[in-house]
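Heads up, the thing below is written out as structure tokens.
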Amino acid sequence: MHSRKSKPLIFIIEDNEFHLRLARDLLVAHGMQVLHTSNPQEAVTQIENSRPDLILIDISLKEANGLDIARKIKGNPLLSHIPIVALSAYATKKDEENARAAGCDDFIVKPVNTRLFPRQIADNLGHQDN
Ligand code: MN
């Protein structure tokens with residue numbers, strides 16, 4: 001079981017309209033609920049208030065480094081159990097290593113693969129019960 005909620009709640013931090021819409025539409029079509037912000041200053045507070053089941057973070061935000069947000073979440077005992085999936089337009093090994101070092105549980109290259117993405121998210125949702 002994913003959580004007490006019937007539908008998993010996914011929180012997306014993304015400042016690109018195209019990538020946001022693609023991710024959100026795919027997740028909603030697969031029975032998930034989605035909350036979103038493009039404002040890094042509001043993200044952690046909104047996550048504290050909404051307690052999502054998984055967080056997707058665009059690591060290259062205009063106003064912040066998404067990995068700093070990941071570190072903040074993983075450093076917060078109330079939030080550190082929530083799986084974080086990094087989204088990046090860059091696919092180098094170093095980018096993935098940096099994301100994992102910042103506490104991200106998984107790393108997905110944008111644009112997401114429409115066929116694989118919902119399963120990738122579902123797989124990461126499962127990890128919080130392990
Ligand atoms: Mn971006």
Side-chain angles (χ1 to χ4, degrees):
M1 293 303 102
H2 294 147
S3 76
R4 67 197 181 280
K5 304 184 199 77
S6 52
K7 286 184 168 193
L9 177 61
I10 314 299
F11 194 100
I12 305 179
I13 307 169
E14 170 65 85
D15 60 5
N16 178 283
E17 196 58 41
F18 170 80
H19 292 298
L20 167 65
R21 186 176 302 180
L22 180 58
R24 183 171 54 196
D25 288 355
L26 286 167
L27 296 175
V28 169
H30 285 77
M32 301 180 207
Q33 304 175 78
V34 172
L35 291 175
H36 160 256
T37 187
S38 57
N39 182 343
Q41 269 63 52
E42 294 176 352
V44 175
T45 301
Q46 290 187 12
I47 287 164
E48 283 171 345
N49 292 337
S50 59
R51 300 299 170 92
D53 298 296
L54 183 145
I55 302 163
L56 277 165
I57 301 181
D58 169 21
I59 67 176
S60 53
L61 298 162
K62 293 176 199 75
E63 297 171 29
N65 180 339
L67 296 185
D68 289 338
I69 301 173
R71 284 187 203 96
K72 215 175 277 182
I73 293 164
K74 290 299 182 180
N76 180 334
L78 296 175
L79 307 177
S80 59
H81 65 285
I82 304 174
I84 298 178
V85 176
L87 291 171
S88 175
Y90 305 98
T92 72
K93 195 74 199 152
K94 190 68 186 161
D95 290 314
E96 178 163 359
E97 285 170 7
N98 289 342
R100 291 188 186 275
C104 296
D105 300 277
D106 204 355
F107 180 87
I108 295 176
V109 177
K110 298 190 290 187
V112 301
N113 180 313
T114 56
R115 204 167 41 80
L116 297 179
F117 182 65
R119 168 58 66 87
Q120 291 170 310
I121 297 308
D123 286 348
N124 280 285
L125 279 168
H127 292 168
Q128 65 190 320
D129 292 332
N130 293 346

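Order of listing sets the numbers, starting from 1, for every ligand and every atom in it. Quick note: numbers below take in every heavy atom, side chains included, and nothing from hydrogens, waters or symmetry partners.
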Could you please tell me which protein N, O or S atoms lie under 2.8 Å from the Mn ion (ligand 1)? Asp15 OD1, Asp58 OD2, Ser60 O
Identify which one of His19, Arg21, Lys110 satisfies the side-chain hydrogen bond (donor to acceptor under 3.5 Å, both in side chains) criterion when paired with Glu14. Lys110
What residues form a side-chain hydrogen bond (donor to acceptor under 3.5 Å, both in side chains) with Asp95, not counting sequence neighbours? Thr92
Filter on salt bridge (charged side-chain N to carboxylate O under 4.0 Å, His left out), then keep only pairs touching residues 28-38, sequence neighbours left out; what's left? none
Are Phe107 and Leu26 connected in a single hydrophobic cluster, I mean Ile/Leu/Val/Met/Phe/Trp/Tyr linked by side-chain heavy atoms less than 4.5 Å apart? no
Taken in chain and number order and not counting sequence neighbours, the residues that satisfy salt bridge (Lys or Arg N to Asp or Glu O under 4.0 Å) with Arg100 are Glu96, Asp106
For the backbone of Val44 and the side chain of Lys72, can you confirm whether one donor and one acceptor N or O come within less than 3.5 Å of each other? no
